[in-house]
Amino acid sequence: MSDENEIWRLTLENVSHDYSGLAVLRNLNLRVKAGEMVVIVGPSGCGKTTLLNLLSGYIKPSSGSVEIDGVIRTVYQQDGLFPWLTVEQNIAMGLRNLDDKQKREREIKDLVELIHLEGFEHHYPHQLSGGMRQRVELARVIAGDSDILLMDEPFSALDYQTRLRMRYELVRILKKRPRTVVFVTHDIEEAAQLADKVIVLSTRPAHISRKLNINTDRPRNPTSDSVIAATREILDVLGLETPTGKDI
Ligand SMILES: Nc1ncnc2c1ncn2[C@@H]1O[C@H](COP(=O)(O)OP(=O)(O)O)[C@@H](O)[C@H]1O
Ligand SMILES: [Mg+2]
């Protein structure tokens, strides 16, 4: 019986997906609670982006059902911004439903402050660093009344140090503006730092190999005990634990 106090934002039941004969996802069952941060990890090509496209309703599963309760916004790996619009105008794209001009301007100002880009309001994406561009992306999807953020490897095009900073940024921003998040990454450390729940996918056709809960507070340092323990467990599930002497 489902708990009446819980809101399930996303529900997948027995979802399988094929692309004209190519079996990609097999029998996935997953429920995402309101406010939860679920991180999907799995090998390249296993079907992570396909899974996000199913969760957003962009594609329909070959079989099984997907239920969505809430407004969804999506963040891509890179280049999700309109190159011909400024920082301010890109953020405003997330506020198209807000008719009150004064409220809209106030909100844009708050969001620019939230992502620490004061002074860059009139810059175009090509005038920003990769990290700054992804901060604008975060502001755009957090703008207005979205409930669910689907993020497809949003930091993977960034260098390691910027990526680490962005993880802390995401945690900080979500504390101020809580959302339900499904975050796809191939980066195991990232999953261990960010997730309430990690979903480990197998190779294609992908099933769920492990659901792992991490209950420690965020932000989490990459070298903290809970992040290291979770990283170990994920590596183990993926068969990437230290090779034994005879394997190397
Ligand atoms: N629109 C599509 N048509 C046909 N095959 C696709 C399509 N999108 C993805 N694929 C294939 O499905 C598999 C899973 O792709 P994808 O979901 O992008 O994996 P991931 O994001 O985990 O790298 C890959 O083999 C890919 O080539
Ligand atoms: Mg992908």
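When a ligand or atom number is given, it counts from 1 through the structure's own listing order. Numbering of residues begins at 1 and proceeds along the displayed sequence. Every value quoted in this text rests on a predicted model; they were computed, and no experiment measured them.
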Judged by modelled atom types alone, do [X] and [Y] share a side-chain donor-acceptor pair under 3.5 Å?
X	Y	value
T50	H17	no
D159	T162	yes
T74	Y58	no

Please write down residue, atom name and distance for the protein heavy atom closest to [atom].
atom	result
atom 18 (O) of ligand 1	T49 CB, 3.7 Å
atom 14 (C) of ligand 1	G45 O, 3.4 Å
atom 25 (O) of ligand 1	R204 NE, 3.4 Å
atom 17 (O) of ligand 1	T50 OG1, 2.6 Å
atom 19 (O) of ligand 1	G47 N, 3.2 Å
atom 3 (N) of ligand 1	Y19 CD2, 3.6 Å

Discussion item. Tell me which one of Q134, Q161, E190 satisfies side chain to side chain contact (heavy atoms under 4.5 Å, CB included) with M166.
Written reply: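 Considering Q134, Q161, E190, a side chain to side chain contact (heavy atoms under 4.5 Å, CB included) with M166 is found only for Q134.
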Worksheet item: Are F155 and F183 close enough that their ring centers fall under 6.0 Å?
Response: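 For F155 and F183, the ring centres are under 6.0 Å apart.
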Worksheet item: If we only count N/O pairs under 3.5 Å, is L22 in contact with ligand 1?
Response: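 No; the residue has no nitrogen or oxygen that sits under 3.5 Å from a nitrogen or oxygen of the ligand.
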Worksheet item: For S44 and ligand 1, does the shortest N/O to N/O distance drop below 3.5 Å?
Response: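 N/O-N/O distance under 3.5 Å: no.
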Worksheet item: Would you say T231's side chain and V227's backbone share a donor-acceptor pair under 3.5 angstrom?
Response: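 Between the backbone of V227 and the side chain of T231 there is a qualifying donor-acceptor contact (under 3.5 Å).
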Worksheet item: Between N90 (side chain) and L85 (backbone), is there a donor-acceptor pair under 3.5 Å?
Response: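 It does hold such a pair.
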Worksheet item: Do any N/O/S atoms of T49 come under 2.8 Å of the Mg ion (ligand 2)?
Response: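 T49 does place an N, O or S atom closer than 2.8 Å to the Mg ion (ligand 2).
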Fill in: V24 contact mode with ligand 1 (heavy-atom cut-off under 4.0 Å)
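The side chain, only.
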Worksheet item: Under 4.0 Å from atom 27 (O) of ligand 1, is there any protein heavy atom?
Response: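 It does not: no protein heavy atom is found less than 4.0 Å away from atom 27 (O) of ligand 1.
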Worksheet item: In terms of the angle between their ring planes, are W84 and F82 parallel, tilted or perpendicular, with boundaries placed at 30° and 60°?
Response: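 Ring orientation, 0 to 90° scale: tilted.
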